[in-house]
Protein chains: 2
Amino acid sequence: MADSVVLDAVDLHILRLLQNDARSTYRELAAEVGVAPSTCLDRVARLRRTGVILGHRLQLNPAKLGRGLEALLLVQVRPHRRELIGPFVDRIRALPESRALFHLTGPDDYLVHVAVADPADLQRLVLDEFTSRREVARVETRLIFQQWECGPLLPPTPSAHLSSD
Amino acid sequence: MADSVVLDAVDLHILRLLQNDARSTYRELAAEVGVAPSTCLDRVARLRRTGVILGHRLQLNPAKLGRGLEALLLVQVRPHRRELIGPFVDRIRALPESRALFHLTGPDDYLVHVAVADPADLQRLVLDEFTSRREVARVETRLIFQQWECGPLLPPTPSAHLSSD
DNA sequence: GTTGAAATTTAATGTCG
DNA sequence: CGACATTAAATTTCAAC
């Protein structure tokens, strides 16, 4: 199930449209793609079943929720052993300020994307939830000036997946 | 419009549920929250109007789309001037491999989250789209071992937004 | 791919605090 | 007057043809 799925032009077209607006109706999709609504329904159901589509997520505005400051924290965990990093990951994920967490190669073991109210709130978070922990050897804080979502995620070589008849 | 919006317990409950599953129907939301479906509709419409809810996004599985390797690229752009970084940002956002882009404080100006097919594909991307560019002074590549979404994004002090009568 | 029934969304109206 | 509930119409989903 970890292998890539064979997607035809209709699947790709639907995915591209849904990534622009995940609330598109099957009718709208069908009109745009040039197939029947029920076909769109079947295709989307298959994409969900095969795990290509993981889910639908709400995109919120952190600033409107009193979290106008975002930052990335580069964290070194020492020693980097399973019995320490398991609980570390669980705790970071449970923080209301955490938005995303990455386990990385390189000098920093983890990158944490956080959203806080203001610089004082960020300082509190870093001091109370990170540097105060024994397993956290170092935290580097980088503020986010601006961030962008990028274009739709699609297979690297769409034409290679298509039959050309 | 940049200020935070006053949200009551019903709004917060709806947001929490929608962040778990953005495809919940208003009927389901209403049953869970304990209000009428039309009230849920009104609340969600208001949350969209006031900019708390920005949109609904499809969550895809990069591995299923032939992009099983993800990485973060830390990029220094020199000189860091508007006339250079504007086109740089536009170009990075347009790359099919780009998933997200951040403008940061600290020694690295940008962080780019990319999804590629394999290490060779990553090497091609870094060489052809980053280091070959005159304005890119340095690129540091960090592979992503694992990543986690975190809990729902909610106001820092929910009770402070609620009237206690 | 098309049709038709069931469910959902959505707007309008009515009612309570 | 504002917020919520009820009702009804339009749309969408989804299964059967």
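Chain A is the first sequence line, chain B the second, and so forth, proteins listed ahead of strands; every chain is numbered from 1. Computed over heavy atoms, backbone and side chain alike; hydrogens, waters and symmetry mates excluded.
Contact between the side-chain N/O atoms of B:Tyr26 and the OP1/OP2 oxygens of C:dT8 is not found at any separation under 4.0 Å.
If you walk DNA chain D from 5' to 3' and mark each nucleotide with an atom closer than 4.0 Å to a heavy atom of chain B, the marks span D:dC4 to D:dT6.
Between A:His113 and B:His113, the distance from one ring center to the other does not fall under 6.0 angstrom. Residues B:Phe102 and A:Phe145 keep their aromatic ring centres 6.0 Å or farther apart.
Side-chain contact between B:Leu101 and B:Leu111 is absent, with no heavy-atom pair separated by less than 4.5 Å.
Rounded to an integer number of Å, the gap from CZ of B:Arg23 to P of C:dT8 is 12 Å. Atom CG of B:Leu29 and atom C1' of C:dT9 are 12 Å apart (whole Å).
Looking at heavy-atom distances under 4.0 Å, B:Ser38 makes contact with a base.
B:Arg48 and B:His56 are linked by a side-chain donor-acceptor pair at a separation below 3.5 angstrom, with hydrogens and angles left out of the test.
Paired with B:Tyr110 under the rule side-chain contact (heavy atoms from CB on, under 4.5 Å), one option of B:Ile92, B:Val139, B:Val136, B:Ile85 passes, and it is B:Ile85.
When the nearest nucleotides of DNA chain D are assigned to B:Gly34 and A:Ser24 by heavy-atom distance, the more 5′-ward of the two goes with B:Gly34.
Look at B:Glu97 and B:Arg124 and you find a salt bridge, because one of the NZ, NE, NH1 or NH2 atoms lies within 4.0 Å of a carboxylate O, short of that distance.
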